[in-house]
Amino acid sequence: MRAVVYDKPFSITVKEVEKPKILHPDDIVVKVTTSCICGSDLHMYEGRTAAEAGIIFGHENMGIVDEVGSGVTLLKKGDRVVMPFNVGCGRCLNCEEGNSAFCTLVNPGSAGGYVAMGPFAGGQAEYLRVPFADFNALLLPPGTDHEEDFVLLADIFPTGWHGVQLSGFRPGESIAVFGAGPVGLLAAYSAVLRGASEVYVVDRVPERLAKAKEMRCTPIDFGASDPVEQILELRGGSVARYLV
Ligand SMILES: [Zn+2]
Ligand SMILES: [Zn+2]
């Protein structure tokens, strides 16, 4: 199959590699239909990580289940699924307590495992092996609708949502999001969905600020003046909760 393979900093190649197989009864193999390019790919591409030559890029993946291991109970061939970028076993103490990014089983000697960054191949490829598939593959409605929306569940939307969670936000409060890239915009959108009274989105790229406005947020251009002063002025001096 073809895959996007990292060679060395500033060098990646689409090349023929071996198609992944079921290696464990809890695995599935997915035929990839959509895989995103993330800012984190640039960290690897630019040589800012410990990524080793030969790793397949792509940690935001969705597709159709193609092969199913004998231990998988919740999925079947033909199901449409999206995979979060971090891999957990679903069974260790950390996973059971909801801290699956610190799974103690999937990456021996370390805590947590990441698609395309930990010990697992990525999905900028024709096929992807998903370990502990009942835990790591989210079943989607059948069909081909909303492909570009559902793939955001692999990283960007839950990452933005979780950022709002970590800020300590409570419904009814106001919040400021600094940085309106895809994660920042979806953090702002998460705050809207969670009942924020005002959401201030700070950036200086006009298209990003326009998108924030479309989402009923208040755009703040930090290129114009101090963004904190702008927000304080809009609020008559009272603070919002800040999310960086
Ligand atoms: Zn990502
Ligand atoms: Zn675990």
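Just follow the structure's listing: the first ligand is 1, and inside any ligand the first atom is 1.
A salt bridge is absent between Arg80 and Asp145: the closest approach of a Lys/Arg side-chain nitrogen to an acidic carboxylate oxygen does not fall below 4.0 angstrom. Using a 4.0 Å cut-off between charged nitrogen and carboxylate oxygen, Arg91 and Asp26 count as a salt-bridge pair. Remark: Arg208 engages Asp203 in a salt bridge, criterion side-chain N to carboxylate O under 4.0 Å. Under the 4.0 Å criterion applied to side-chain N and carboxylate O atoms, Asp27 and Arg129 are assigned as salt-bridge partners.
What you find for Ser190 and Gly160 is that their closest heavy atoms are OG-C, 4.1 Å. For the pair Gly90 and Glu96, the tightest heavy-atom approach, listed with the atom from each and the gap, is O-CG, 4.3 Å.
If you look at the Zn ion (ligand 2), the protein N, O or S atoms less than 2.8 Å from it are Cys89 SG, Cys92 SG, Cys95 SG, Cys103 SG. Around the Zn ion (ligand 1), the protein N, O or S atoms closer than 2.8 Å are Cys38 SG, His59 NE2, Glu60 OE2, Asp155 OD2, listed by chain and residue number.
Under the 30°/60° scheme for interplanar angles, the aromatic rings of Phe85 and His59 are found to stand perpendicular.
In this structure, Phe10 has its ring center closer than 6.0 angstrom to the ring center of Tyr45.
With rounding to the nearest 0.5 angstrom, the OH atom of Tyr6 is 10.0 Å from the CD1 atom of Ile12.
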